[in-house]
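First the structure, in the form of structure tokens, and then the observations on it.
Labels below follow one simple rule: chain letters A, B, ... track the order of the sequence lines, proteins then strands, and each chain is numbered from 1. Keep in mind it's a predicted model, so treat the numbers as computed, not measured.
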Number of protein chains: 2
Amino acid sequence: MTTDSSHPEVLCCPPLAGTALTEQDAVQMASVYAALGDPVRLRILSIIASQDETCSCNLEGPIGKSQPTISHHTAKLAAAGLIVGERRGRWTWWRAVPAQMASLGAALSDLQTPQD
Amino acid sequence: MTTDSSHPEVLCCPPLAGTALTEQDAVQMASVYAALGDPVRLRILSIIASQDETCSCNLEGPIGKSQPTISHHTAKLAAAGLIVGERRGRWTWWRAVPAQMASLGAALSDLQTPQD
DNA sequence: TACTTACATCGACGTCCATCAATCTAAAGG
DNA sequence: CCTTTAGATTGATGGACGTCGATGTAAGTA
């Protein structure tokens, strides 16, 4: 706050729109986006989403990572709600969750909507 | 399908659909999603996207982080193509890039489309 | 029972990242 | 000129993350 010689503060610092993201909401959303922020997980998700069901043994080959690494990434994708796993016999079958992906896209659309 | 003990390999390991994400594409996409994988950046983006223009001095207050941290995050968002900055006098004005956000939503929609 | 298989978990290592204090750069005012 | 201000850059630090070998666990098989 200097003197209002030419009101620079008015240009620089208007009151913010109060409906910005809550810190809690931001943490929640960021955790899901962070799950997509890894190339290996994106490729895993693309494989799973392109089929009805995929078992982990289908992933190690194309991805080219060790079994613990694949297990680590599928667990992260599942924690983010992007895939769900079902243990059937010796194999774990993964399915994509389209609703969660659609939710992410909708969130981005909401972000870009001005709220004058 | 727990009774197919005769040919488990057929159930477990069908040939993968060849159109999974390229590693290069995955790296590219992941870098953008990683930019959204931080709560501070999400809140910054929500503030910027909710206004026509926002200068950095509008961010430090609501976000509650130091000036170098804000600068660090805006640079990351800009590198991801989510915002663009224009230096005008002493202030840097940031604008959101709706096309990039829409592109991210579209990519997620493409992922969830089966390709039987 | 013992063996194999698919997957999860643990432990460790190396790297990346978020954060801030200090500093630098450039622009506006006097 | 000098001072102030907005913002970028640097360097350091603490924590989170990806990766893999080794091990554990549970289900199928002989």
Side-chain angles (χ1 to χ4, degrees), chain A residues 1-13 23 26-27 30-31 33-44 48 53-61 63-80 83-94, chain B residues 1-13 23 26-27 30-31 33-44 48 53-61 63-80 83-94:
Chain A
M1 281 297 192
T2 60
T3 51
D4 288 61
S5 55
S6 61
H7 55 278
E9 284 79 9
V10 178
L11 288 176
C12 174
C13 300
E23 188 156 354
V27 170
S31 69
Y33 283 117
L36 295 173
D38 181 277
V40 175
R41 280 196 290 271
L42 271 186
R43 294 178 64 204
I44 290 177
I48 294 178
E53 283 184 327
T54 310
C55 98
S56 298
C57 60
N58 285 347
L59 299 173
E60 300 175 23
I63 299 298
K65 299 289 179 180
S66 69
Q67 177 266 320
T69 299
I70 299 292
S71 180
H72 167 73
H73 286 309
T74 50
K76 285 228 167 187
L77 287 172
I83 62 176
V84 288
E86 180 188 353
R87 198 75 180 259
R88 217 180 295 154
R90 279 190 291 222
W91 299 296
T92 301
W93 296 89
W94 299 101
Chain B
M1 38 167 72
T2 50
T3 55
D4 297 63
S5 55
S6 49
H7 43 280
E9 284 78 9
V10 177
L11 288 176
C12 174
C13 300
E23 187 155 354
V27 171
S31 69
Y33 284 116
L36 295 173
D38 183 277
V40 175
R41 279 196 291 271
L42 271 187
R43 294 178 65 202
I44 291 177
I48 293 177
E53 283 183 330
T54 311
C55 100
S56 297
C57 58
N58 286 347
L59 299 173
E60 299 174 23
I63 299 297
K65 298 288 180 181
S66 68
Q67 179 267 321
T69 297
I70 299 292
S71 181
H72 167 73
H73 286 308
T74 50
K76 286 229 164 186
L77 288 172
I83 62 174
V84 287
E86 180 187 353
R87 197 75 180 255
R88 217 180 296 154
R90 280 191 289 221
W91 300 296
T92 301
W93 296 89
W94 300 101

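Closest of all the heavy-atom pairs between Thr74(A) and Ile83(A) is O-CD1, 3.6 Å. Among all heavy-atom pairs drawn from Leu42(B) and Ala30(A), the shortest one is CD1-N, 3.4 Å. Here the shortest heavy-atom pairing between His73(B) and Val40(B) reads CD2-CG1, 3.4 Å. Residues Ile48(B) and Trp94(B) approach most closely at CD1-CB, 3.7 Å, considering heavy atoms. Taking every heavy atom of both residues into account, Lys76(A) and Ala35(A) meet most closely at O-CB, 4.3 Å. Residues Thr92(A) and Arg87(A) come closest through the heavy atom pair OG1-CD, 3.1 Å.
Rounded to an integer number of Å, the gap from CD of Glu86(B) to P of dA6(D) is 18 Å. As a whole-Å value, the separation of Ile63(B) CD1 from dA18(C) P is 14 Å. Taking atom CG of residue Asp38(B) and atom C1' of nucleotide dA16(D), one finds them 12 Å apart after rounding to whole Å. What separates NZ of Lys65(A) from C1' of dC17(D) is a distance of 13 Å, to the nearest Å. Distance CG (Leu59(B)) to P (dA8(D)): 10 Å, rounded to an integer number of Å. What separates CD of Glu60(B) from P of dT5(D) is a distance of 14 Å, to the nearest Å.
Contacts between residues 68-80 of chain A and DNA chain D, defined by a heavy-atom separation under 4.0 Å, are made by Pro68(A), Thr69(A), His72(A), His73(A), Lys76(A).
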For nucleotides 23-28 of chain C, give me one character per nucleotide, 5' to 3': B if any protein heavy atom sits under 4.0 Å from the base, S if the only such contacts are to the sugar-phosphate, - if neither.
----SB
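Within a 6.0 Å radius of CD in Glu23(B), other residues, nucleotides and ligands contribute 12 heavy atoms or fewer.
Contact annotation for Ser56(A): backbone-only contact, meaning every heavy-atom pair under 4.0 Å involves sugar-phosphate atoms and none involves a base. Note on Ser66(A): a base of the nucleic acid sits closer than 4.0 angstrom, heavy atoms only.
Comparing dC7(C), dT19(C), dA6(D) against the side chain of Trp91(B) picks out dA6(D) as the nearest.
With sequence neighbours excluded, no residue forms a side chain to side chain donor-acceptor pair (under 3.5 Å) with Gln67(B).
Contact annotation: the side chain of Arg88(B) approaches that of Glu53(B) to within less than 4.5 Å [non-hydrogen atoms, C-beta and beyond].
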